Amino acid sequence: MTGPEPIRAPWWLKYANKVVVRLVRVGVPISRRESPVVLTVPGRKTGRPRSTPVTPMHVNGKRFVVNGYPGADWVRNVRAAPQVALTQGRRSEVVRMVELSAEDARPILREFPVQVSDGVDIMKRAGVLKTGTVDELVSLAGRLPVFRIDPVA
């Protein structure tokens with residue numbers, strides 16, 4: 001018995017992310033609705049800083065990040081790192097990323113199309129999602145990693 005087919009990031013995502021990282025770092029607004037930040041984490045193999053754009057969501061007074069591509073390097077790096085940096089323009093903060101169980105991720109995935117509609121559109125263009133509905137996203141709980149962002153005391 002085999003599991004579900006892996007979801008892979010499209011070839012163009014790496015290049016698009018580099019452009020978005022540069023724009024976010026200099027404070028250029030990317031979207032009117034959403035505010036991406038640059039997540040920087042030490043590489044789990046090299047220890048060198050690795051950066052990727054992410055869009056935090058706010059649910060019940062807490063912040064969360066959804067990864068649209070299971071198996072993404074940044075997810076593996078975050079899992080291995082005790083803390084990461086989130087940067088937007090000149091503001092930067094050190095945080096801890098706590099991965100949620102599939103059950104705890106479902107309410108966050110339910111909010112994703114409402115709060116990060118640009119992310120849903122990108123995931124649809126990349127073939128990760130077919131419709132982008134709430135039900136489709138919730139059905140991917142356990143395959144799409146979801147992290148809670150906790151401040152470092």
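Since we're looking at a predicted model, the values are computed, not measured.
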First locate atom [atom1] of [X], then atom [atom2] of [Y], and finally report the distance between them rounded to the nearest 0.5 Å.
X      : Y      : atom1 : atom2 : value
Glu93  : Thr87  : CD    : OG1   : 8.5 Å
Lys45  : Arg50  : NZ    : CZ    : 10.5 Å
Arg143 : Asn67  : CZ    : CG    : 12.0 Å
Lys124 : Ser117 : NZ    : OG    : 10.0 Å
Leu129 : Phe112 : CG    : CZ    : 8.0 Å

Open item on the list: What verdict does the side-chain contact (heavy atoms from CB on, under 4.5 Å) test give for Val37 and Val54, after you've listed the backbone C-alpha separation in whole Å, the side-chain angles of each residue and the deciding distance to 0.1 Å?
Closed with: CA-CA 6 Å; Val37 299; Val54 296; 3.7 Å; yes
Name all residues meeting the salt bridge (charged side-chain N to carboxylate O under 4.0 Å, His left out) criterion together with [X]; count only those two or more places apart in sequence or in a different chain, and write none if there are none.
X      : answer
Asp104 : none
Arg79  : Glu99
Arg110 : none
Arg44  : Asp73

Closest heavy-atom contact between [X] and [Y]?
X      : Y      : answer
Ser92  : Ala85  : OG-CB, 4.3 Å
Met97  : Leu39  : CE-CD1, 3.7 Å
Val128 : Gly68  : CG1-O, 3.4 Å
Ala141 : Arg106 : CB-CG, 3.6 Å
Val95  : Arg63  : CG1-NH2, 4.0 Å

- [ ] Please tell me if the side chains of Ile149 and Pro56 come closer than 4.5 Å, counting only heavy atoms from C-beta onward.
- [x]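 Result yes, sub-4.5 Å side-chain heavy-atom pair found.
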Open item on the list: Less than 4.5 Å apart, side chain to side chain, heavy atoms only: is that true for Gln88 and Ser35?
Closed with: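 They are in side-chain contact.
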- [ ] Sort out for me which residue in Val78, Thr40, Asn77 forms a side-chain contact (heavy atoms from CB on, under 4.5 Å) with Val84.
- [x]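 For Val84, the side-chain contact (heavy atoms from CB on, under 4.5 Å) check succeeds only for Val78.
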- [ ] Determine the sole option in Leu100, Val65, Val75 for which the side-chain contact (heavy atoms from CB on, under 4.5 Å) test with Pro145 is passed.
- [x]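 Looking at Leu100, Val65, Val75, the match for Pro145 under the side-chain contact (heavy atoms from CB on, under 4.5 Å) is Val75.
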Task: N/O donor-acceptor pair under 3.5 Å between Glu136 side chain and Thr131 backbone - done: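 Pair found, side chain donor or acceptor close to backbone of Thr131.
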Open item on the list: Would the distance check show the side chain of Gln115 and the main-chain N or O of His58 forming a donor-acceptor pair, the cut-off being under 3.5 Å?
Closed with: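 Yes, the answer is positive, given that a donor and an acceptor are paired below the 3.5 Å cut-off.
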Open item on the list: Just to verify, what does Phe147 make a ring pair (Phe, Tyr, Trp, His ring centres under 6.0 Å) with, not counting sequence neighbours?
Closed with: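 Residues passing ring pair (Phe, Tyr, Trp, His ring centres under 6.0 Å) with Phe147: Trp74.
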- [ ] Show your working on side-chain contact (heavy atoms from CB on, under 4.5 Å) between Val38 and Leu86 and close with a plain yes or no.
- [x] CA-CA 5 Å; Val38 175; Leu86 298 179; over 6 Å; no
TODO: Name all residues meeting the side chain to side chain contact (heavy atoms under 4.5 Å, CB included) criterion together with Pro113; count only those two or more places apart in sequence or in a different chain, and write none if there are none.
DONE: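 Val120, Val134, Leu137.
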